[in-house]
Amino acid sequence: MTLQRTLGTCYYPEHWPEKIWAEDAARMAVLGLTWVRIGEFAWSRLEPSPGDLQFDWLDRAIDVLHAAGLKVVLGTPTATPPRWMVARHPDMLAVDDQGRPRKFGSRRHYCFSHDGYREEGVRITGLLAERFGRKVDAWQTDNEYGCHDTVYSYSDAAQTAFREWLAQKYQSPDALNRAWGNVFWSMDYDSFDDIDLPNLSVAEPNPSHALDFRRFSSDQVARFNGAQVAAIRAHSDVPISHNYMGRIVEFDHFATGRQMEIATWDSYPLGFLEDRLESSPEHKRRYARQGDPDFQAFHHDLYRAVGQNGRWWVMEQQPGPVNWAPHNPAPLPGMVRFWTWEAFAHGAECIAYFRWRQAPFAQEQYHAGLLRPDNVEAEGFAEAAQVARELQDMPAVEHTQAPVALVFDYASAWGWSVQPQGAGCDYFRLVFEVYRGLRKLGLSVDILPPDAKTLNGYALVLAPGVLTLSDALKAALSETTAQVLLGPHTNAKTPALGIPVPLPPAISGLSAIVARVETLRNDMPIPAENGGSVKLWFEHLETTHDAVEKTEAGAPILVQSANLSYLAGWPDEMLLERVLTRASSAAGLSPEPLPQDIRIRDTGTTRFVFNHGPDAVAYNGQSIPPAGVTWD
Ligand code: GAL
């Protein structure tokens, strides 16, 4: 598949006088942009009071952009319900886990379970689709589901909907009591109407109850999104997308992804490094102006899996300093170009910069745009222009399947967070560390959903921490001739989050059981015999296989049977490198430890090399400058 490569920006015509729209559009076109996303926060100007539709200005804005040769992504405005909406539906506000309403005055102030608000969303979406469905070139639903911690709501609407969801799922309170193990602490229910949301309990709620609430909440997001998608589809044939985020795991993105053609995400490398990663102060300092070397790539690969047929974009690309992280440094010169090329290397069709012009009012005043508030080009502008020029000269790139597959499962993230067993034991963190370990060996990775039906074409497959292997994945794993690396904590739980008996991991072909689990303080790692150690999480294995890796005391850490290996602990960097080198070499790959700051991405035709560091790095006979990208 040949990759499409276009650029775009996010534009808010409602923020600027109409007389400058045409000039803005002309400058976008000259810059070499193709796409403009508009409209996603404009509800108060599209419908200033209930039923008073003011769509003409948006129509004119779309005309102006089209006249300049630009294509338009129209956002549905449901992330910002206007004030009158809250007056109309006072109980639409989400409620936090302390029982407090999350009030009007910013954005995302709605509960996914509120039927009245979902219908309002469908209504405005349907009206927009009716008017613009044959005019715009793509759609975006809402904006960043889950941003500002908005998936979970403990409102009355959520409570009612949760009870209905449970009744559907379990059919009888008895079945629910059995599945949850409610005999423990006399928690049995006689009626679904007696079941509360799992907040404000004296001690921790039953983990099965908490997990079902997370599953329910994820379903509510998909239901909300699906309703908008249907309203758009009734009037429009162009692709529909949603802009996801970095490290948001509270809802199943594969479920919403199946509803739409394109997955997009919002990439803010410097903000993410500051506030979304477990890493040392030295690491944060080293990459403060470049972003973490693996965080963006991980999400590029994740959203390639979420989009249908691998279609994905970056809908918002950081263009300079942002406003929302604990510190907001400016990127190193060249990084805006670098991030754009990195996304293309991972298969993005479009990278859109957020935003066109910096807004000198309201919440994001210090957030850079491609233009400054005074209309002068900001630093990112020239870098975007450089990419636009480079795109013209660069030959087409063919996308191809990566040799390594890494399974990512949102339900496992919920299970781990409900029952972490030890501070710092987090599913995303585990999977991300494995991903980083693979990349540090120069390997390109595909991320797979947990119900992947085939593993054809992969040399190495990993599923760390997937709590319950789906039947489909189990079947695919037993058929594959790839090297398979499972653990820690893979297939360790029943779907209701109980411990299965026979004990895990219960993988056919592997004669090993996890007899007990312990979690470790940061200052009590368990040293491995050949260097490195197990941190955070250690499983005591009873096994008939010889251990390939052992603790200094001789306990198994890694066991292998034919092409199947099981890792019984959370490896530190050194142990992980050894485990991954072994597995990928056995898979016939050529793992090569890269210099600290270098990462590689292979497409079918091109090898991209990226220097994420603050200094030049010698690699493969050349010196790659900071923010440097090479391809051949
Ligand atoms: C995103 C959001 C944008 C803007 C941006 C600032 O999370 O979708 O609307 O707020 O962050 O970085």
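For this chain, numbers begin at 1 and follow the sequence in order. Numbering of ligands and ligand atoms starts at 1, following listing order.
The heavy-atom pair separating Leu277 from Lys284 by the smallest distance is O-NZ, 3.1 Å.
In this structure, a donor-acceptor pair under 3.5 Å is present between the side chains of Glu40 and Tyr12. In this structure, a donor-acceptor pair under 3.5 Å is present between the side chains of Gln228 and Thr76. The closest side-chain donor-acceptor pair between Tyr11 and Asp24 falls under 3.5 angstrom.
Near Phe41, with a cut-off below 4.0 Å to any heavy atom, the atoms of ligand 1 are 9 (O). In the vicinity of Phe354, heavy-atom distances shorter than 4.0 Å reach the ligand 1 atoms 3 (C), 4 (C), 5 (C), 6 (C), 9 (O). Against a heavy-atom cut-off of under 4.0 Å, His367 is close to the following atoms of ligand 1: 6 (C), 12 (O). Atoms of ligand 1 found under 4.0 Å from any heavy atom of Asp266, numbered from 1 in the order shown, are 8 (O).
Ring planes of Phe354 and His367: perpendicular class, angle over 60° (limits at 30 and 60°). Ring-plane geometry between Phe428 and Phe295 is classed as tilted, the angle between the planes lying from 30 to 60 degrees on a 0 to 90 degree scale.
Two rings, from Phe112 and Phe251, have their centers 6.0 Å or more apart.
Atom 5 (C) of ligand 1 has its closest protein heavy atom at Tyr268 OH, 3.3 Å.
With a heavy-atom cut-off of 4.0 Å, Glu40 does not touch ligand 1 at all. Contact annotation: for Gln318 versus ligand 1, there are no heavy atoms closer than 4.0 Å. By the criterion of a heavy-atom distance under 4.0 Å, the side chain of Glu316, and not its backbone, is placed next to ligand 1.
Residue Asp597 holds its CG atom at 4.0 Å from CZ of Arg286, rounded to the nearest 0.5 Å.
Residue contacts with ligand 1 do not include Gln363, since none of its heavy atoms lies under 4.0 Å from the ligand.
Comparing Arg107, Glu364, Met245, Glu144 against atom 9 (O) of ligand 1, the shortest heavy-atom distance belongs to Arg107.
Close N/O approach between Trp324 and ligand 1 is found [any backbone or side-chain N/O within under 3.5 Å].
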